[in-house]
Amino acid sequence: MTKNIVILISGGGSNMAAIVNAAASNDWAQRFGARVAAVISNKEEAQGLAFARERGIATAVVKHRDFASREDFDAALAAAIDSHRPALVVLAGFMRILTPGFVAHYAGRLLNIHPSLLPHFPGLNTHQRAIDAGHSVAGATVHEVTAELDHGPILARAEVPLLPGDTAQSLAARVLAQEHVIYPQAIETFLAGRKAD
Ligand code: GAR
């Protein structure tokens, strides 16, 4: 049976695009029996949706603002995701905190990328916080999602130098370029059914 991957985005979707491109160029269909089945956003203006549509990938929007509670939103989101029978759900710049029930439902098949070297700087504004802390390296982490925000077993990390004069924007761009490398790699590792090195 095909391993369907559902990707959740909130904005630019550059990680999603890197994953879609890797799936095609690295032949995930042949190697892993896997395909990106759908891209779902909580924001209808998310730019990544257009990219997915152009690639013939199913898209959906589940707006968090339409729901009174996190539980109601997560239930609607899970219904949209589960209509694609996912083997793997990939958070790619999905900027919502998920309820414990949602996380439990996808236990063992829910991945996230976070733009810091976890366990440093969970949460928001990671790049400015790395600069303010005077760190000399920054980076990104791919991890399995567990109930605690930005925790969970780590599948991959990438380090970049933090340079004198860096701003949050310049650092974010340097980190993002590495995210595009490690996220597809980590997903390949997951699909191959082995732990990262
Ligand atoms: C990425 O840097 C990702 O690590 C971060 O948002 C950006 C999304 O970019 N995610 C988080 O901060 C999650 N808490 P993209 O939409 O171009 O992939």
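Just so you know, ligand 1 is whichever comes first in the structure, and atom 1 is the first atom listed for that ligand.
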- Heavy-atom proximity to atom 12 (O) of ligand 1, best of Gly11, Pro115, Ser116: Pro115
- Per-atom contacts of ligand 1 with Leu176, taking only distances under 4.0 Å to non-hydrogen atoms: 1 (C), 2 (O)
- Message: Show me which atoms of ligand 1 lie under 4.0 Å from any heavy atom of Glu179.
- Response: 1 (C), 2 (O), 3 (C), 4 (O)
- Item | Shortest non-hydrogen separation from Ala140 to Ile182 and the atoms involved | O-CD1, 3.8 Å
- Glu188/Arg31 ion pair, N-O < 4.0 Å: yes
- If you have a sec, work out which protein heavy atom is nearest atom 13 (C) of ligand 1 and how many Å separate them, to one decimal? Met95 SD, 3.6 Å
- Message: Using modelled atom types and a 3.5 Å cut-off, is there a donor and acceptor pairing between side-chain atoms of Thr141 and backbone atoms of Leu118?
- Response: yes
- CA sep, side-chain torsions, deciding dist, call: Val36, Val90, side-chain contact (heavy atoms from CB on, under 4.5 Å): CA-CA 10 Å; Val36 177; Val90 172; over 6 Å; no
- Do His135 and His120 have their ring centres less than 6.0 Å from each other? yes
- If we number the atoms of ligand 1 from 1 as shown, the ones under 4.0 Å from a heavy atom of Gly12 are 16 (O)
- ligand 1-proximal atoms of Asp150, by part, heavy-atom distance under 4.0 Å: neither
- Item | Residue, atom name and distance, where the atom is the protein heavy atom closest to atom 14 (N) of ligand 1 | His114 ND1, 3.8 Å
- Query: For ligand 1, which atoms have a heavy atom of Gly93 less than 4.0 angstrom away?
  - Reply: 6 (O), 8 (C), 10 (N)
- Query: If you measure from atom 18 (O) of ligand 1 to every heavy atom of Ile19, Asn15, Leu124, which option wins on shortest distance?
  - Reply: Asn15
- Message: Which residue and atom name correspond to the protein heavy atom nearest atom 15 (P) of ligand 1, and how close is it?
- Response: Ser14 N, 3.4 Å
- Task: Examine distances only and state if a side-chain atom of Asp166 and a backbone atom of Leu162 form a donor-acceptor pair shorter than 3.5 Å.
- Result: no
- Message: Within the 4.0 Å heavy-atom shell around Gly13, which atoms of ligand 1 are there?
- Response: 15 (P), 16 (O), 17 (O), 18 (O)
- Item | Min side-chain heavy-atom separation Tyr106-Val145 under 4.5 Å | no
- Message: Tell me whether ligand 1 is touched by Ile113 - counting only heavy atoms on the residue side and a distance under 4.0 Å.
- Response: yes
- Item | Under 3.5 Å side-chain donor-acceptor pair for Asp74 and His105 | no
